[in-house]
2 protein chains.
Amino acid sequence: MDVCQVVGYKRSGKTTVMNKLIRHFSANNLKVGSLKHHGHGGEPAMVNGTDSEEHLKSGSVISGVKGENITQLTLSSPLELDELIQMYHRFPLDLLLVEGYKQAVYPKIVLVRNETDLSLLQELSAIIAVGTWDVRLPISSSYPVFNMNNLKTNIPALADCIRRDV
Amino acid sequence: MDVCQVVGYKRSGKTTVMNKLIRHFSANNLKVGSLKHHGHGGEPAMVNGTDSEEHLKSGSVISGVKGENITQLTLSSPLELDELIQMYHRFPLDLLLVEGYKQAVYPKIVLVRNETDLSLLQELSAIIAVGTWDVRLPISSSYPVFNMNNLKTNIPALADCIRRDV
């Protein structure tokens with residue numbers, strides 16, 4: 001299972017790019033997993049009053065609900081990215097797309113919405129491509145650049161880049 | 001990690017007994033995991049429009065959201081009970097309480113709400129105790145019986161039985 005990150009500051013378009021990439025790869029018969037890191041101390045949205053929530057309130061460290069087609073596991077145990085990735089490895093996935101975790105070491109797409117976001121290109125490791133909305137990269141940058149104003153053309157091109165370089 | 005099931009027909013009190021047991025064990029410093037099998041083809045309740053749901057719709061096989069304290073994994077891959085239990089084994093849990101999966105082979109508490117539920121005692125394997133609400137068991141039955149009308153006394157007694165016999 002390959003791992004590729006999609007990172008960028010808030011409102012840089014990560015959610016859109018993640019969903020488009022998942023859709024593209026799935027339509028091309030790749031088995032894709034996804035993981036989103038909630039920034040700013042948020043928590044996953046849960047439905048109030050469900051058994052899952054009640055079990056957590058009662059003290060369950062991991063509360064699971066198995067439905068007919070969907071299984072949901074809610075974990076109140078602290079988990080590092082690498083531990084989470086190990087869990088995904090149990091499944092026959094081709095690719096795990098990770099949104100966020102800027103400082104992690106996996107190959108990553110950096111989204112650059114504004115000129116001020118360009119500093120990310122100096123700070124982050126293992127960048128394989130950059131997605132921009134009308135921001136010109138410095139001439140010294142050698143990353144492949146995909147214009148996210150044209151998602152229809154450039155999501156497939158970005159996906160090809162991920163398949164080639166991850 | 002020990003595994004104990006809580007089984008019974010619909011409306012036999014499984015949800016109540018599960019929550020009380022989780023609360024009791026957690027208050028006694030055991031690390032407890034829980035897993036509920038949704039009967040009748042239901043699915044876990046999800047919040048509409050979340051990233052997790054959007055990723056699944058886009059084709060993600062496993063969609064995870066990592067918050068500050070809570071991580072939620074939603075899996076659209078079919079999973080057998082034993083595969084799920086293997087996932088719980090990755091965590092430092094003392095006990096996994098499983099609601100449902102009557103036909104599974106793990107040590108189990110059977111809840112008997114009505115006389116007609118007594119047939120379960122013939123049909124199921126690995127029964128270690130019975131919880132009843134005013135139903136008298138046949139004299140031939142040798143299982144320890146806990147009256148669930150008195151949860152305050154009998155949940156701790158049932159918990160002791162689980163710790164001893166699982």
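Computed from heavy atoms alone, side chains included, the values below leave out hydrogens, waters and symmetry copies. Order of the sequence lines fixes the chain letters, A, B, ..., with proteins taken first and strands second; residue numbering starts at 1 for each chain. None of the values given here were measured: they were computed from a predicted structure.
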Smallest heavy-atom separation, Ile22(A) atom then Ser60(B) atom, equals CG2-N, 3.5 Å
Assert top hit (heavy-atom pairs under 4.5 Å, partner chain B, pool Ser26(A), Ala27(A), Pro44(A)) equals Pro44(A)
Separation between CG (Leu73(A)) and CG (Leu79(B)), nearest 0.5 Å, reads 8.0 Å
| said: Hydrophobic clustering (ILVMFWY, side-chain heavy atoms < 4.5 Å, transitive) - are Ile128(A) and Val130(A) grouped together? | reply: no
Honestly, the part of Ile70(A) sitting under 4.5 Å from a heavy atom of chain B is both
The interface call for Leu97(A) against chain B, heavy-atom contacts under 4.5 Å, is neither
So, the part of Leu56(B) with a heavy atom under 4.5 Å from chain A: the answer is side chain
d(Thr71(A) OG1, Glu83(B) CD) to nearest 0.5 Å is 9.5 Å
Exercise. Looking only at atom types and distance, does a side-chain atom of Glu43(A) sit under 3.5 Å from a main-chain N or O of Glu68(B), one as donor and one as acceptor?
Worked result: yes
The interface call for Leu30(A) against chain B, heavy-atom contacts under 4.5 Å, is neither
Quick check: are there more than 12 heavy atoms from other residues, nucleotides or ligands sitting under 6.0 Å from CZ of Arg90(B)?
yes
Applying a strict 4.5 Å limit to non-hydrogen atoms, the region of Tyr101(A) in contact with chain B is side chain
When every non-hydrogen atom of Ser77(B) is compared with those of Phe91(A), the smallest separation belongs to OG-CD2, 4.1 Å
Rounded to the nearest 0.5 angstrom, the OG1-CD distance for Thr16(B) and Glu54(A) is 10.5 Å
Between Gln72(B) (side chain) and Gln72(A) (backbone), is there a donor-acceptor pair under 3.5 Å?
-> no
Legend entry - Path from Val7(A) to Tyr143(A) over hydrophobic side-chain contacts below 4.5 Å: yes
Is there a path of hydrophobic side-chain contacts, each under 4.5 Å between heavy atoms of I/L/V/M/F/W/Y residues, joining Met18(B) to Leu93(B)?
no
Max heavy-atom pairs within cutoff under 4.5 Å with chain A, candidates Pro92(B), Gly100(B), Gly64(B), Ser76(B), goes to Gly64(B)
* To do: Using the rule that two of Ile, Leu, Val, Met, Phe, Trp, Tyr join whenever any of their side-chain heavy atoms come within less than 4.5 Å, decide whether Met1(B) and Val166(B) are in one cluster.
  => no
Comparing Asn19(A), Val61(A), Thr15(A) against chain B, the one with the most heavy-atom pairs below 4.5 Å turns out to be Asn19(A)
Whatever's closer than 4.5 Å to a heavy atom in chain B on Pro78(A) counts as neither
Using the rule that two of Ile, Leu, Val, Met, Phe, Trp, Tyr join whenever any of their side-chain heavy atoms come within less than 4.5 Å, decide whether Leu95(B) and Ile62(A) are in one cluster.
no
So NE2 of His55(A) and CG of Leu21(B): to nearest 0.5 Å the spacing works out to 10.0 Å
Here the gap from Lys66(B) atom NZ to His38(A) atom NE2, rounded to the nearest 0.5 Å, amounts to 11.0 Å
Nearest heavy-atom contact between Thr50(B) and Ala45(A) is CG2-CB, 3.6 Å
Of all heavy-atom pairs linking Leu35(B) and Val65(A), the shortest is CD1-N, 4.2 Å
Highest number of heavy-atom pairs under 4.5 Å with chain A among Glu99(B), Glu53(B), Met46(B) belongs to Met46(B)
Worksheet item: If you count the non-hydrogen atoms of other residues, nucleotides and ligands that lie under 6.0 Å from CD in Gln86(B), is the total more than 12?
Response: yes
From the list Ser52(A), Ser63(A), Ser58(A), side chain to side chain contact (heavy atoms under 4.5 Å, CB included) partner of Ser34(B) resolves to Ser63(A)
